[in-house]
Amino acid sequence: MTRTEIKSLLQTDPQEQDVLVKGWVRTFRANRFIALNDGSTLNNLQVVVDFEQYDESLLRRITTSAALSVRGKLVPSQGSGQAVEVLAEEIEVLGDADPAVYPIQPKKHSLEFLREKAHLRMRTNTFGAVFRVRHALAFAIHQYFHDRGFFYLHTPIITGSDAEGAGEMFRVSTLPMGDPPRTEAGEIDWKEDFFGKETNLTVSGQLEAEVGAMSLGKVYTFGPTFRAENSNTTRHLAEFWMIEPEMAFYDIHDNMDLAEDFLREIIRFALTHCPDDLQYLHDRIAQEEKNLPQAQRRPMPLLDTLQFILDNGFARITYTEAIERLQRSKPYKKGKFQYPVEWGRDLQSEHERYLVEKDFQTPVIVTGYPKDIKAFYMKLNDDNKTVAAMDILFPGIGEVVGGSQREERLDVLQARMAEMEVPEHDLWWYLELRKFGTAPHAGFGLGFERIIQFVTGMTNIRDVIAFPRFPKSAEF
RNA sequence: UCCUCAGUAGCUCAGUUGGUUAGAGCGGGUGACUGUUAAUCACUAGGUCGUAGGUUCGAGUCCUACCUGAGGAGCCA
């Protein structure tokens with residue numbers, strides 16, 4: 001007899017058919033009712049046990065998180081909490097879970113506690129929901145790009161250029177750490193290393209994605225990204241997943257249009273494919289916030305926030321306009337901002353939050369940043385002062401997308417690299433893209449975990465990746 | 001890395017201006033009950049109060065350092 005998944009059984013018309021289910025016990029109530037979950041859905045299947053027909057020794061092994069195989073009949077439920085249930089005829093305990101030491105109880109646990117039990121937390125409703133939504137978003141991303149003629153490009157994890165300028169990198173080396181080969185000058189001789197040069201884990205696939213775009217037209221990457229920053233915040237990881245589309249013949253406006261449409265469509269996908277999980281997360285947050293003062297609650301419940309994104313356009317302003325708006329703002333005039341607001345300085349978290357959460361109350365796309373605070377590869381605007389960069393800011397999590405039109409003019413790019421002291425020799429291939437058939441092109445990077453945070457309402461990024469990597473932590 | 005807050009039973013937490021034997025709910029064990037929805041009832045075990053020093057007649061409570069966690073900042077996606 002073949003097993004049926006619980007998601008499918010819950011949608012089946014119950015006609016006393018024989019079924020086989022397998023899953024993990026969530027609760028065992030009244031020595032009669034097993035709430036069984038197999039991960040296929042948030043919802044549990046109720047298995048009804050006639051305890052007089054089973055050995056006491058078997059019933060005692062039906063404990064929270066024990067793995068069971070149950071054969072029985074699918075019938076309409078007599079109780080009011082569920083439509084169908086299975087009358088058990090044969091129960092096998094596939095794996096015991098000793099309740100004296102099993103740490104996850106059928107009650108509310110703190111997310112901090114569950115973070116320390118990363119190998120078991122996916123068995124909870126909350127993390128089950130988060131990871132099903134995570135899958136849906138990943139799938140939606142591939143589908144979105146595939147449907148629009150993009151090619152999925154796998155860019156390298158190990159990279160030889162340290163010129164990307166996106167932060168501290170993790171070194172990749174097979175040299176003996178205690179006694180590495182030295183040059184005559186006494187420095188570590190990287191020529192002796194595995195790749196014959198210094199290599200690191202990638203901090204971005206963008207430069208390689210540009211190669212793809214300038215050949216295949218439209219590509220995207222979706223892979224792990226590594227930053228060795230000593231960041232300890234609710235929105236940074238040392239290992240995270242990033243999506244980086246790159247398009248030939250797109251300018252900054254095409255880029256913005258794509259990014260906005262893309263974000264809206266993947267959120268729409270999650271809403272249509274994960275209604276149960278999102279409703280659960282919505283209710284959970286609402287419950288959680290009941291005890292908080294108004295000021296600490298979300299401005300809008302989770303599902304309303306997501307719907308709002310679908311129904312409303314993102315605001316679009318230039319960096320210069322953003323500075324002007326901030327300088328006219330109440331918190332600025334009252335001296336509430338901790339950091340100065342003046343043209344040429346980067347926007348701080350407090351400024352971004354004001355724009356997104358107070359001023360516009362929608363996602364905001366900011367363009368035209370001063371060239372001095374942005375990367376060397378961004379296209380220099382005609383004013384010679386700003387670059388064609390765009391950041392998309394979301395309520396609660398800040399920057400979700402960072403992108404730009406790329407500098408396609410060889411001489412301008414070289415001048416910018418010289419200005420910012422980016423060595424040309426590591427990026428000779430990148431420069432040749434501008435030598436042979438250069439053309440306007442653009443792209444952006446989306447932090448995958450950040451968009452999952454936004455969609456699930458999880459406030460700590462460590463709770464939307466299965467095995468988070470952050471300073472002093474690689475336990476699982 | 002910086003700032004702020006926290007660390008008491010397996011989990012979530014209470015513990016008064018420093019004062020005798022540190023409590024509750026859940027979870028565990030034993031028993032009862034049985035169409036439940038985080039089932040219910042009775043009994044019961046369980047704590048070097050994060051660690052190390054210090055102040056004091058006396059420290060869970062005050063002080064110092066360290067460790068761990070959380071929130072915020074910087075860096076960014």
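We name chains A, B, ... by the order of the sequence lines, and we start the count at 1 in each one.
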Verify the ring-centre separation between A:His351 and A:Tyr339: is it less than 6.0 angstrom?
no
Should A:Glu449 and A:Arg134 count as an ion pair when the cut-off is N to O under 4.0 Å?
yes
B:C75 OP1/OP2 closer than 4.0 Å to side-chain N/O of A:Arg235:
no
Strictly below 4.0 Å, N to O, side chains only: are A:Lys22 and A:Asp38 in salt-bridge contact?
no
Write down the atom of A:Asn44, the atom of A:Ile6, and the distance for their closest heavy-atom approach.
C-CG2, 4.4 Å
Base of B:G10 paired with side chain of A:Gln105 (donor-acceptor, under 3.5 Å):
yes
Can you tell me how far C1' in B:C41 sits from the matching atom in B:C49, rounded to whole Å?
32 Å
Rounded interatomic separation in angstrom, taking CG from A:Leu120 and C1' from B:G10:
14 Å
Check every strand shown and say whether A:Pro103 touches a base, only sugar-phosphate, or nothing at a heavy-atom separation below 4.0 Å.
nothing
What is the distance, to the nearest angstrom, from the CG atom on A:Leu111 to the P atom on B:C11?
16 Å
Candidates B:U34, B:U1, B:C75 - which lies nearest the side chain of A:Phe51
B:U34
Quick one: label A:Gln82 by what it contacts on the DNA or RNA (base, sugar-phosphate, nothing), any heavy atom closer than 4.0 Å.
base
Between A:Arg60 and A:Asp96, is there a salt bridge with N-O shorter than 4.0 Å?
no
So if I take every side-chain heavy atom of A:Arg29 and compare against B:G72, B:A70, B:A39, which nucleotide ends up nearest?
B:A39
C1' spacing across the pair B:G28 / B:C67, given as an integer number of angstrom
30 Å
Bracket string, RNA chain B, 5' to 3' - pairs by Watson-Crick or G-U geometry under 3.5 Å, | interstrand:
(((((((..((((.....[...)))).(((((.......))))).....(((((..]....))))))))))))....
Return yes when atom CZ of A:Phe139 has more than 12 non-hydrogen atoms of other residues, nucleotides or ligands closer than 6.0 Å, and no otherwise.
no
Per A:Arg450 side chain, nearest of listed nucleotides B:C76, B:G69, B:U1
B:C76
Rounding to the closest angstrom, what is the interatomic distance between B:G19 and B:G58 at atom C1'?
7 Å
Can you figure out which of B:A70, B:G35, B:A77 approaches the side chain of A:Met242 most closely?
B:A77
Just checking A:Gly445: base, sugar-phosphate only, or nothing, at a heavy-atom cut-off of under 4.0 Å?
sugar-phosphate
Between P of B:A77 and CD1 of A:Ile266, the distance in whole Å:
17 Å
With sugar-phosphate meaning primed atoms plus P, OP1 and OP2, does A:Glu85 contact a base, only sugar-phosphate, or nothing at under 4.0 Å between heavy atoms?
base
Do A:His109 and B:C11 share a donor-acceptor pair, side chain to base, under 3.5 Å?
no
Decide, applying a 5.5 Å centre-distance limit and a 30° plane-angle limit (both strict), whether A:Phe240 stacks on B:A77.
yes
Would you classify A:Val400 as touching base, sugar-phosphate or nothing, given that sugar-phosphate means primed atoms plus P, OP1 and OP2, and contacts are heavy atoms under 4.0 Å?
sugar-phosphate
Rounded to whole angstrom units, what separation is found between the CD atom of A:Glu229 and the P atom of B:C75?
10 Å
When rounded to whole Å, the CG to P distance for the pair A:Leu347 and B:C75 reads 11 Å
Base, sugar-phosphate or nothing for A:Gln46? Non-hydrogen atoms, less than 4.0 Å.
base
salt_bridge(A:Glu321, A:Arg325) N-O dist < 4.0 Å:
no
Applying a 4.0 Å non-hydrogen cut-off, can you work out what A:Ser110 is touching in the nucleic acid: base, sugar-phosphate, or nothing?
sugar-phosphate
Taken to the nearest whole Å, CZ/A:Arg345 to P/B:C75 is 11 Å
Expressed in whole Å, how much space separates the C1' atoms belonging to B:C11 and B:G69?
16 Å
For A:Glu352 and for A:Arg60, locate the closest nucleotide of RNA chain B by heavy-atom distance; then report the residue assigned to the nucleotide nearer the 5' terminus.
A:Arg60
As a test of reading the structure: which of B:A77, B:U1, B:C11 is closest to the side chain of A:Asn232, going by heavy atoms?
B:U1
Given the P atoms of B:G7 and B:C13, what is the spacing between them in whole Å?
10 Å
Looking for any heavy atom pair under 4.0 Å, which part of the strands does A:Thr27 touch: base, sugar-phosphate only, or nothing?
sugar-phosphate
From B:G29, B:A77, B:U1, nucleotide with atom closest to A:Arg227 side chain:
B:A77
Consider the side chain of A:Glu112, meaning its heavy atoms from C-beta on, and name the nucleotide among B:G69, B:U12, B:C76 that approaches it most closely.
B:G69
Using a strict 4.0 Å threshold on nitrogen-to-oxygen distance, state whether A:Lys73 and A:Glu16 make a salt bridge.
no
Before accepting this row, confirm whether a basic side-chain N of the pair A:Lys371/A:Glu419 lies closer than 4.0 Å to the acidic partner's carboxylate O.
yes
Check: A:Ser231 side chain, B:C75 base, donor-acceptor under 3.5 Å
yes
Heavy-atom nearest nucleotide on RNA chain B taken for A:Phe113 and for A:Asn31; more 5' hit belongs to A:Phe113
Would you say the base of B:U68 and the side-chain of A:Glu116 have a donor-acceptor pair closer than 3.5 Å?
no
Between B:G74 and A:Ser349, is there an OP1 or OP2 to side-chain N/O distance shorter than 4.0 Å?
yes
Could you measure between the two P atoms, the one in B:C3 and the one in B:U8, and give it in whole Å?
24 Å
Across the strands shown, which category fits A:Ile104 at heavy-atom distances under 4.0 angstrom: base, sugar-phosphate, nothing?
nothing
So, is A:Gln338 close to the B:A73 phosphate, meaning a side-chain N or O under 4.0 Å from OP1 or OP2?
no
Looking at the side chain of A:Ala30, which of B:G74, B:U1, B:U36 is the nearest nucleotide?
B:U36
With a 6.0 Å cut-off (strictly less than), is the heavy-atom count around NE2 of A:His146, excluding the residue itself, greater than 12?
no
Using a 4.0 Å heavy-atom cut-off across all strands, classify A:Thr234 as base, sugar-phosphate, or nothing.
sugar-phosphate
Under a 3.5 Å distance rule, please check whether A:Arg227 uses its side chain to pair with a backbone N or O of A:Glu229 as donor and acceptor.
no
Between B:U37 (C1') and A:Asn37 (CG): distance, integer Å
15 Å
Expressed as a whole number of angstroms, how long is the span from A:Asp391:CG to B:C75:C1'?
14 Å
Remember a base hit wins even if backbone is also touched, and classify A:Phe444 as base, sugar-phosphate or nothing at under 4.0 Å, heavy atoms.
nothing
If we take the C1' atom in both B:C63 and B:G18, what is their distance in whole Å?
13 Å
Suppose you measure atom P in B:G74 against the same atom in B:G47; what distance do you get, rounded to whole Å?
46 Å
Using a strict cut-off of less than 4.0 Å between a Lys/Arg side-chain nitrogen and an Asp/Glu carboxylate oxygen, indicate whether A:Glu246 and A:Arg406 qualify as a salt bridge.
yes
